[in-house]
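Before any comments, here is the structure.
Ligands are counted one by one from 1 in listed order, and the atoms in each one are counted from 1 as well. Side-chain atoms are counted along with the backbone in the values below, which use heavy atoms only and exclude waters and symmetry mates.
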Amino acid sequence: MDSLSIQRTAVVGAGTMGNGIAHVLALAGYDVALVDLNGDVLDAATSTIASNLDRQVDKDRIDADDRDRALDRLRPTPDTADGVADADLVVEAVSETQDVKQTVFAELDRHAPDHAILASNTSSISITGLAAQTERPEQVIGMHFFNPVPVMRLVEIVRGQRTTDATFEAVDELARDLGKEPVEVEDYPGFVSNRILMPMINEAVFCVMEGVAEPEDIDTVMKLGMNHPMGPLTLADFIGLDVCLDILEVLHGDLGDDKYRPCPLLRRMVTAGQLGRKTGEGFFPYDE
Ligand code: NAD
């Protein structure tokens, strides 16, 4: 199957990433069923997409007709079976928990048409492991978008052990059609992005713990010295310290190398509920 035959899509999980993925698919002309078990999340996702499209109209990036057509292509539903029933491509963006994702993949496999590609937006969970929950491992692939999805151009396309070239090419072409820059990566923990980013963030946290420098100064070093647009501790607060810890646990466990050992200070802050921007406090304070 090539991506020219991908027309109907479903996005399962309508949180931060799911609503962004639905936004870019609908804007590029694909029909999108947006699924979430939580009705409040579904309502919030629909209004977030509408207001983000409005912002693009205000900035003259798209016109009002593009916005209206994109909104017409969106179909929110709380029922996974109904949402994926006629999809050519399903993008899963539910919570980053292995058990939850494995259950969702088995469910998608039961309800999506036989020809459908099942993609996961996971940041760290094995695509090969998700594929093993299905009868179609050749049609399972990773599509790792970045937050905020309408703005960030990168998509890591992750080939599982049994992903076919046809599946890869269909998804690669679709990503380009969304205006993204796909990069092909193999299915190893953290792919490329988090394999490199998370150890850097972890090392910055060790620097805080050992008193090498103040958090603000650590970020200044990386911004001014390395030309990073955002320091690692500000980025960690933005991502969520709990999410960083979860990904480090996956790297540490699955690669079995102590160089990925999560910093005890990171663990302590997560235990204390200092998760970054979303709780108003991480390495830096935030106004709610
Ligand atoms: P989120 O918590 O904002 O959204 C997850 C949504 O999934 C929730 O709304 C929840 O109600 C829904 N959900 C849970 N179980 C479900 C099910 N069985 N069926 C349907 N919906 C279900 O999470 P997020 O930040 O959008 O992350 C989603 C995925 O994207 C994760 O795998 C995460 O690792 C990945 N990711 C996140 C980011 C990021 O910066 N937030 C970046 C790249 C990738």
Measure the CG-NE2 distance between L245 and H252 for me, rounded to the nearest 0.5 Å.
11.5 Å
Check whether more than 12 heavy atoms from other residues, nucleotides or ligands sit under 6.0 Å from atom CG of D114, and answer yes or no.
no
Are N19 and T48 close enough that a side-chain donor and a side-chain acceptor fall under 3.5 Å?
no
Is the NZ or CZ atom of R277 both under 6.0 Å from the centre of the six-membered ring of F238 and within 45° of that ring's axis?
no
Under a 3.5 Å distance rule, please check whether R73 uses its side chain to pair with a backbone N or O of A26 as donor and acceptor.
yes
Please state whether E92 comes within less than 4.0 angstrom of ligand 1, counting heavy atoms only.
no
Which atoms from ligand 1 have a heavy atom of N121 less than 4.0 Å away?
29 (C), 30 (O), 35 (C), 36 (N), 44 (C)
dist T46:OG1 -> H23:NE2 (nearest 0.5 Å) comes out at 13.0 Å
Test of understanding: given a 4.0 Å heavy-atom threshold, classify the contact between E107 and ligand 1 as side chain, backbone, both, or neither.
neither
Per-atom contacts of ligand 1 with T122, taking only distances under 4.0 Å to non-hydrogen atoms:
32 (O)
Atoms of ligand 1 less than 4.0 Å from H144 heavy atoms?
43 (C), 44 (C)
Starting from atom 17 (C) of ligand 1, locate the nearest protein heavy atom and write down its residue, its atom name and how far away it is, to 0.1 Å.
L37 CD1, 3.4 Å
Pick, from V94, D79, V100, the option with the minimum heavy-atom distance to atom 22 (C) of ligand 1.
V94
Give me the residue, atom name and distance of the protein heavy atom closest to atom 36 (N) of ligand 1.
S123 OG, 3.3 Å
Atom 3 (O) of ligand 1: nearest protein contact (heavy atom, Å):
T16 N, 3.0 Å
Within the distance-only criterion (no hydrogens, no angle test), does the side chain of D187 pair as donor or acceptor with the backbone N or O of S126 below 3.5 angstrom?
no
Which ligand 1 atoms does K101 reach within 4.0 Å, using its non-hydrogen atoms?
31 (C), 32 (O)
Can you check whether S120's main-chain N or O pairs, donor with acceptor, with K101's side chain at less than 3.5 Å?
no
Tell me which part of F145 gets within contact of ligand 1: side chain, backbone, both or neither, using heavy atoms under 4.0 Å.
backbone
I'd like to know if atom 26 (O) of ligand 1 has any protein heavy atom within a distance of less than 4.0 Å.
yes
Is a side-chain donor or acceptor of Q139 paired with a backbone partner of L118 at a separation under 3.5 angstrom?
no
Please walk me through it: do R75 and D31 pass salt bridge (Lys or Arg N to Asp or Glu O under 4.0 Å)?
CA-CA 8 Å; R75 183 170 70 86; D31 291 330; over 6 Å; no
Does V104 approach ligand 1 within less than 4.0 angstrom via side chain, backbone, both or neither, non-hydrogen atoms only?
side chain
Connected via hydrophobic side-chain network under 4.5 Å: V192 and L154
yes
Any heavy atom of V41 under 4.0 Å from ligand 1? The part involved is side chain
Atom 14 (C) of ligand 1 sits nearest the protein heavy atom S95 OG, 3.5 Å
Which residue and atom name correspond to the protein heavy atom nearest atom 11 (O) of ligand 1, and how close is it?
D36 OD1, 2.7 Å
Between D177 and Y30, is there a side-chain donor-acceptor contact under 3.5 Å, judged purely by atom types and distance?
yes
Can you tell me the protein heavy atom closest to atom 32 (O) of ligand 1 and the distance?
E96 OE1, 2.5 Å
Can you get from M269 to Y286 by hopping between Ile, Leu, Val, Met, Phe, Trp and Tyr side chains that sit under 4.5 Å apart?
yes
List the closest protein heavy-atom neighbour of atom 40 (O) of ligand 1: residue, atom name, distance to the nearest 0.1 Å.
N147 CB, 3.4 Å
Against ligand 1, does I239 come closer than 4.0 Å with any heavy atom?
no
Please indicate whether any nitrogen or oxygen in F146 is less than 3.5 Å from any nitrogen or oxygen in ligand 1.
no
Specify the protein heavy atom at minimum distance from atom 4 (O) of ligand 1: its residue, its atom name, and the distance to 0.1 Å.
G15 CA, 3.4 Å
